[in-house]
Amino acid sequence: MRRVGITITYLVFLVFLIIPLGKVFTSAVSLGTAGFWNALTRPEALHAFLVSAIIVAIVTVLNTLFGVLLALLLVRETAISRRLRHLLNSIVDLPFAVSPIIGGLMILLLLGPHTALGTFFEAQGVKIVFALPGMVLATLFVTFPLMVREVMPVLQEVGTQQEEAAYTLGANGWRTFWRVTWPSIRWGVLYGVVLTIARSIGEFGAVLVVSGNIINKTQTATTLVYQQVENFNYVAANSIALVLAALSIVILLLLEWAKKRKEVF
């Protein structure tokens with residue numbers, strides 16, 4: 001029975017991962033390395049990679065900051081009621097429960113150019129939807145739970161005894177966080193950062209809704225892949241997809257490295 005289970009696992013792994021990746025690779029290099037390189041160095045491709053990198057950088061910083069703060073609030077703060085705590089927990093999980101496209105649509109309906117808030121911000125010279133800020137918001141929406149859900153279990157596991165001891169010895173909140181809390185949660189934060197980067201790189205639905213997919217303006221690497229498939233330019237689409245897949249694999253390897261480092265320490 002065990003051998004059957006292992007065989008089925010290998011078959012599923014082969015059919016749903018290895019073979020598709022192989023097809024992507026063969027299509028990407030079907031015109032040779034020159035065709036692959038040209039697909040990646042076209043102006044629209046370079047701009048799409050740049051936009052994706054900017055979004056990933058901004059989202060990772062914001063997600064780390066506010067995710068850790070919210071995790072501390074939900075686990076350590078005793079002033080909030082249980083009912084409010086449950087409500088906040090439910091809101092955190094909202095992106096897991098709805099499609100990313102719905103998240104993008106909500107941003108469009110709230111901050112679009114024909115809404116009250118969208119008109120107000122545009123009057124101040126700030127365009128949100130069909131611009132970089134809207135794309136950052138959409139990516140934040142789908143990635144926000146990742147950091148919170150990585151840090152909360154660690155905080156619950158380590159408890160409050162060491163922090164209370166630090167307070168007793170005269171340490172203030174900031175010093176206690178850096179000397180006591182941070183060493184306990186740093187690996188959880190690292191996991192959250194890695195997952196946030198991976199999810200941000202691959203986000204498509206929410207970003208497509210709020211970006212407009214404008215070439216050389218609001219196009220990310222994933223939406224460029226979509227456009228190239230729509231234009232039947234499969235070599236370019238698979239070349240970009242191969243790079244994104246390689247980045248995802250590197251990120252997963254980094255996560256495994258982090259887990260091993262955690263076991264060492």
Side-chain angles (χ1 to χ4, degrees), residues 13-64 100-101 103-104 127 129-143 146 190 193-258:
F13 186 76
L14 178 67
V15 172
F16 290 101
L17 184 62
I18 300 301
I19 292 178
L21 278 176
K23 292 292 291 184
V24 169
F25 176 79
T26 54
S27 178
V29 298
S30 60
L31 298 180
T33 55
F36 173 76
W37 185 249
N38 289 335
L40 298 180
T41 55
R42 291 179 305 159
E44 57 266 35
L46 293 176
H47 187 271
F49 281 124
L50 176 62
V51 172
S52 292
I54 293 173
I55 292 173
V56 168
I58 296 174
V59 167
T60 302
V61 172
L62 294 178
N63 210 13
T64 302
I101 294 178
K127 188 174 182 180
V129 175
F130 307 133
L132 184 64
M135 299 162 71
V136 170
L137 284 175
T139 309
L140 272 173
F141 173 80
V142 299
T143 60
L146 299 174
L190 179 59
V193 167
V194 171
L195 292 174
T196 298
I197 293 173
R199 187 69 179 86
S200 300
I201 290 174
E203 176 50 35
F204 171 73
V207 170
L208 181 65
V209 173
V210 300
S211 70
N213 201 23
I214 305 171
I215 300 176
N216 289 329
K217 288 186 178 180
T218 61
Q219 197 169 57
T220 63
T222 51
T223 58
L224 178 59
V225 171
Y226 167 76
Q227 184 189 59
Q228 295 302 317
V229 171
E230 289 288 299
N231 294 334
F232 302 102
N233 189 356
Y234 295 115
V235 172
N238 283 289
S239 297
I240 299 169
L242 184 62
V243 172
L244 295 177
L247 286 174
S248 298
I249 293 172
V250 170
I251 290 171
L252 289 176
L253 292 175
L254 177 62
L255 184 60
E256 290 300 316
W257 171 83

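Values in this document were obtained by computation on a predicted structure and should not be read as measured data.
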Side-chain contact test, heavy atoms from C-beta onward, threshold under 4.5 Å: evaluate it for L40 versus F49 and give yes or no.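 SC-SC contact between L40 and F49 confirmed.
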
For residues 199-214, pull every pair meeting side chain to side chain donor-acceptor pair (under 3.5 Å), keeping only residues two or more places apart or in separate chains.
->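 Only R199-E203, N213-Q219, N213-T223 qualify under side chain to side chain donor-acceptor pair (under 3.5 Å).
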
Return each pair, listed once, that meets side chain to side chain donor-acceptor pair (under 3.5 Å) where at least one residue sits in residues 243-254; pairs must be two or more places apart or across chains.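 Residue pairs with at least one partner in residues 243-254: there are none.
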
Under the side chain to side chain contact (heavy atoms under 4.5 Å, CB included) criterion, do T218 and V51 qualify, and how do the steps go? CA-CA 7 Å; T218 61; V51 172; over 6 Å; no

TODO: Could you list all the ring-ring contact (aromatic ring centres under 6.0 Å, His included) pairs where at least one residue sits in residues 202-232, not counting sequence neighbours?
DONE: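 Residue pairs passing ring-ring contact (aromatic ring centres under 6.0 Å, His included), neighbours aside: F204-Y226.
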
Of all residues at least two apart in sequence or in a different chain, which pass the side-chain contact (heavy atoms from CB on, under 4.5 Å) check with [X]?
{"X": "I101", "answer": "S99, V209"}
{"X": "V210", "answer": "I107, M135, A138"}
{"X": "K217", "answer": "I214"}
{"X": "I54", "answer": "L50, I58, L132"}

Throw together a table of side-chain donor-acceptor distances under 3.5 angstrom for residues 30-39, partners on residues two or more places apart or in other chains.
{"unit_1": "S30", "atom_1": "OG", "unit_2": "S27", "atom_2": "O", "d": "2.8"}
{"unit_1": "N38", "atom_1": "ND2", "unit_2": "A34", "atom_2": "O", "d": "3.1"}

- Query: Checking side chain to side chain contact (heavy atoms under 4.5 Å, CB included) for the pair L62/L140: CA distance, chi angles, key distance, verdict?
  - Reply: CA-CA 8 Å; L62 294 178; L140 272 173; 3.8 Å; yes

Open item on the list: Going by side chain to side chain contact (heavy atoms under 4.5 Å, CB included), T220 matches just one of V225, I55, V56. Which one?
Closed with: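 Exactly one candidate clears the test, I55.
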
**Request:** Identify the two heavy atoms, one from I240 and one from A221, that lie closest to each other, and give their separation to 0.1 Å.
**Result:**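 Taking every non-hydrogen atom into account, CG2-O, 3.8 Å.
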
Taking only residues two or more places apart in sequence, or in another chain, which ones meet [X] in a side-chain hydrogen bond (donor to acceptor under 3.5 Å, both in side chains)?
{"X": "N216", "value": "none"}
{"X": "T64", "value": "none"}
{"X": "T139", "value": "none"}

Which pairs pass salt bridge (charged side-chain N to carboxylate O under 4.0 Å, His left out) with one or both residues in residues 35-46, sequence neighbours excluded?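 Found R42-E44.
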
Query raised in the report: Is a side-chain donor or acceptor of T26 paired with a backbone partner of K23 at a separation under 3.5 angstrom?
Result: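 Checked: pair present.
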
ask   = Do the side chain of N63 and the main chain of V59 share a donor and acceptor less than 3.5 angstrom apart?
value =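 Side chain of N63 to backbone of V59, a donor-acceptor pair under 3.5 Å: no, none is there.
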
* Asked: Roughly how far, to the nearest 0.5 Å, is CG of L244 from OG of S52?
  ->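 Those atoms lie 7.0 Å apart.
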
Evaluate S239 against V235 for side chain to side chain contact (heavy atoms under 4.5 Å, CB included), listing each step before the verdict.
CA-CA 6 Å; S239 297; V235 172; 4.1 Å; yes

